[in-house]
Amino acid sequence: MHYFSKIFKVQHTSRIFFFHLSNLTYIFLSLCITMSANGYTINNIQSSPPTSPRNRQNCRRRLRRRGSFAMLHRRNFLLLVSVVYFTGLISCVGPLFSLLQYSGLATGAVYRSHEIFQKLWTDIEADNSSSIQLSSVWIYKRKLKEQRPCSFGTTASTKDSPGANLYLIVDANGGLNQQRSSICNAVVIAALLNATLLIPRLEFHNVWRDSSEFGEIYDEDHFMSTLKDYIEVVKELPTELMERYDSNISNIQNLRVQAWAPPRYYLEEVYPVLFKQRVVRISPFANRLSMHLPSHLQFLRCLSNYESLKFSLAISELAKKLVKRMTERSSNSGGKYISVHLRFEEDMVAFSCCIYDGGQVEKSEMDVVREKGWGKKFKQKYRVIAPGLNRKNGKCPMTPVEVGMMLRGMGFAKDTPIYLASGKIYQADRYLAPLRKMFPLLQTKETLATKDELAPFEGYSSRLAAVDYLVCLFSEVFVTTQGGNFPHFLIGHRRYLFNGHAKTIKPDKIKLVTLLQNTSTSWIDFKDQMGSMLAESDRKGIMVPRVKKSTRKGSMYSNPLPECRCLWESKRSTNRSNSYLMVDH
């Protein structure tokens, strides 16, 4: 799966700035001229010929009658025009200033990590003074508060019509985990509308380029059986219904649903169409249901994600082999290992628009990748690319050497076993060399599995991502380096498995890039900062963020407790293993 971080965009370039500035100046001068024509001047004095004594006496009478109110009115008007002018000026300067504030000298804006590594390598290599044991990394424990008792009954049907007569079809788009959230939402909507769910269809995307069907990634029979008490799931539509649409699902009316739609929207907008036509198709379906739902619907979402969506036999079997091999290679650490989700693939580097240390060759290569993958997107009018600002704000993908220095700085010894979950690393030989130097026991799925074992997965990015997902899931420490759906879902799964603790290192990349640009940084100072960063990851690993809006940060996918507490307790009370993740057939 590929996830692309947002790049910094500034819609107002210097040309727009000066255009608006000239317009504002023109308006300001026009108002001043108009005021002068009506007796309003900057100095509050009319520029007119001298008047006769009689006229001057009449003028004084008129001024006395108008009193101070007229003077105040003119001054307020002038003040208002000035405020409007300068407010407009500031609004134009703001975006331009945001762009101009980046410079090559800005703290954290320049990539110098490899230079810092070369400078500190002697100290890194000689440092074994504070090696941390994998079994004692995590100190904080999550304490669950008293909650009201759980009831594990089935959810109530929303409609009285028989679900067997109504059918819901969804096209799950995106990468592996975005599709996963769509599938969970489809289960909720099917229950809400009392409809039968057709096994979700996985949409082919030209970025991920994975043509896998549902049954090639997930266990269809397990999915259907675990949901049978809540909704009916079928693999095919009835023949008579397919004949009505010439045996082509694409002929079925496709409903466009608003993003993050609440349940009421589906009852009011989708159900009438479904009831009339018996079948509806919703495509695309990513992010088409609100994160916050009533508890009985949220339970279904939890059930789908943590129980029903079990990976297929082929994926699970390979993942089990890799976990076993990682465990065997981790005998010096009690079978425990670190997993790192590294997003330094070629397309990720290109999309981020960040600059590393490859010079003109790197720039030319990235221009070609961007042109091939996204056409003219990065050459659109008014699009401004600011690599230094991206890096300074922690938006750039971490390089392998940065990951290695961070982990060694946190106290992980040279012989710590590490599993690297990633696609094809950009210029892998050059960029991976320092990481292998710091951690010789580094492994990937390519080094752990044989060519024959990987052959059925070649060309299927979602299946390969699923293998990485499972190997990372059962590591003692998980390191996320760039965000995206993969770590988002994995962190939630780890919280679900490890009693509410994510056991995840989330680097403070803004702090990290600042440290890795300072060529005078000592290894001792760097270690102090990394130790604090590890402690902060430990503390935040048990925290549930308080988020009011429906955002991914506060969803049950990354924070299953307390929303999925009842499902979690039912698993613990029956002493069942997490077989839905590592299947034993």
Side-chain angles (χ1 to χ4, degrees), residues 1 3 132-135 137-138 176-177 311 315-345 348 397-408 410-425 428 431-451 453-454 457 461-482 484 486-491 493-494 497-498 502-507 534 537 578 581-582:
M1 164 194 150
Y3 171 80
I132 187 171
Q133 298 298 318
L134 285 178
S135 58
V137 174
W138 310 113
L176 175 69
N177 290 288
F311 288 116
I315 290 173
S316 298
E317 287 297 331
L318 179 58
K320 282 194 292 186
K321 291 178 182 178
L322 300 192
V323 170
K324 182 179 179 182
R325 292 166 191 172
M326 275 302 301
T327 302
E328 291 171 349
R329 286 164 170 76
S330 306
S331 56
N332 64 324
S333 56
K336 301 180 184 297
Y337 59 91
I338 294 176
S339 63
V340 177
H341 185 228
L342 185 65
R343 299 310 319 275
F344 201 68
E345 300 94 345
M348 186 67 190
M398 289 179 66
T399 59
V401 69
E402 291 173 332
V403 173
M405 290 181 68
M406 178 186 72
L407 292 177
R408 288 295 293 265
M410 288 178 174
F412 294 104
K414 180 179 181 178
D415 60 353
T416 301
I418 293 180
Y419 178 81
L420 194 64
S422 176
K424 185 178 180 181
I425 300 296
Y431 279 106
L432 282 177
L435 180 59
R436 292 189 184 280
K437 203 172 182 180
M438 287 182 275
F439 292 99
L441 300 183
L442 182 74
Q443 301 288 348
T444 66
K445 52 184 173 290
E446 288 78 16
T447 60
L448 288 173
T450 66
K451 290 185 178 180
E453 289 172 332
L454 285 177
F457 296 84
S461 61
S462 291
R463 300 187 206 179
L464 290 170
V467 173
D468 276 339
Y469 187 97
L470 288 177
V471 180
C472 290
L473 183 64
F474 291 97
S475 63
E476 180 62 21
V477 177
F478 172 62
V479 181
T480 174
T481 63
Q482 185 60 21
F486 185 100
H488 168 69
F489 275 76
L490 190 63
I491 287 171
H493 249 144
R494 290 172 65 81
L497 287 179
F498 303 130
K503 292 190 174 183
T504 297
I505 295 174
K506 294 185 70 173
L534 176 60
S537 290
N578 294 286
L581 296 170
M582 301 295 285

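Contacts of A433 classified as side-chain contact (heavy atoms from CB on, under 4.5 Å), with partners at least two apart in sequence or in another chain: none. Contacts of E453 classified as side-chain contact (heavy atoms from CB on, under 4.5 Å), with partners at least two apart in sequence or in another chain: L318, K321, R325, A449, T450. Applying the ring-ring contact (aromatic ring centres under 6.0 Å, His included) test to F439 and every residue at least two apart in sequence or in another chain returns nothing. Residues passing the side-chain hydrogen bond (donor to acceptor under 3.5 Å, both in side chains) test with Y419, sequence neighbours excluded: D468. Contacts of S537 classified as side-chain hydrogen bond (donor to acceptor under 3.5 Å, both in side chains), with partners at least two apart in sequence or in another chain: none. With sequence neighbours excluded, the residues forming a side-chain hydrogen bond (donor to acceptor under 3.5 Å, both in side chains) with T447 are Q443, listed by chain and number. Applying the side-chain hydrogen bond (donor to acceptor under 3.5 Å, both in side chains) rule to S339 yields the partners S475; only residues at least two apart in sequence or on another chain are considered. K437 pairs by the side-chain contact (heavy atoms from CB on, under 4.5 Å) definition with F117, W121, not counting sequence neighbours.
Here the side chain of D415 pairs no donor or acceptor atom with the backbone of N332 at under 3.5 angstrom. A donor-acceptor pair under 3.5 Å is formed between the side chain of R494 and the backbone N or O of L473. In terms of modelled atom types and a separation under 3.5 Å, the side chain of S330 and the main chain of S333 share no donor-acceptor contact.
In this structure, I505 and M410 have side chains that are in contact, with non-hydrogen atoms separated by less than 4.5 Å. Put simply, the side chain of K414 reaches to within 4.5 Å of the side chain of R408, judged on heavy atoms. In this structure the side chain of P417 never reaches within 4.5 angstrom of the side chain of R329, judged on heavy atoms. By the 4.5 Å heavy-atom criterion applied to side chains, P400 and F344 are counted as neighbours. Counting heavy atoms from C-beta outward, F311 and V467 have side chains that stay 4.5 Å or more apart. Side-chain contact between I418 and V403 is absent, with no heavy atoms from C-beta onward closer than 4.5 Å. With contacts defined as side-chain heavy-atom distances shorter than 4.5 Å, the pair L322/F474 does not qualify. Side-chain contact between E476 and V137 is absent, with no heavy atoms from C-beta onward closer than 4.5 Å.
Summarising the geometry, atom CG belonging to L420 is positioned 8.5 Å from atom NZ belonging to K445; distances are rounded to the nearest 0.5 Å. Rounding to the nearest 0.5 Å places OG of S462 at 9.0 Å from CG of L464. Note that the CZ atom of R463 and the CZ atom of F457 stand 7.5 Å from one another [nearest 0.5 Å]. Rounded to the nearest 0.5 Å, atoms OG1 (T504) and CG (L490) are 6.5 Å apart. Here the NZ-OG distance, from K424 to S461, works out to 15.0 Å after rounding to the nearest 0.5 Å.
Using a 30° and 60° split on the angle between ring planes, Y469 and F486 fall in the perpendicular class, above 60°.
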Notebook entry, point to check: Passes side chain to side chain contact (heavy atoms under 4.5 Å, CB included), L448 versus V471? Steps please.
Noted result: CA-CA 11 Å; L448 288 173; V471 180; 5.6 Å; no
Check: Going through the checks in order, is the side chain to side chain contact (heavy atoms under 4.5 Å, CB included) test met by L407 and V477?
Finding: CA-CA 11 Å; L407 292 177; V477 177; 5.9 Å; no
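Of the N and O atoms on the side chains of T444 and E446, at least one donor lies less than 3.5 Å from an acceptor on the other residue.
The two residues R343 and P397 have their closest heavy-atom pair at O-CB, 3.1 Å. Of all heavy-atom pairs between L470 and V323, the closest is O-CG2, 4.3 Å.
When each of H341, K506, M406 is tested with V479 by the rule side chain to side chain contact (heavy atoms under 4.5 Å, CB included), just one qualifies, namely M406. Tested against L435, the residues L442, V401, I425 include a single side chain to side chain contact (heavy atoms under 4.5 Å, CB included) partner, L442.
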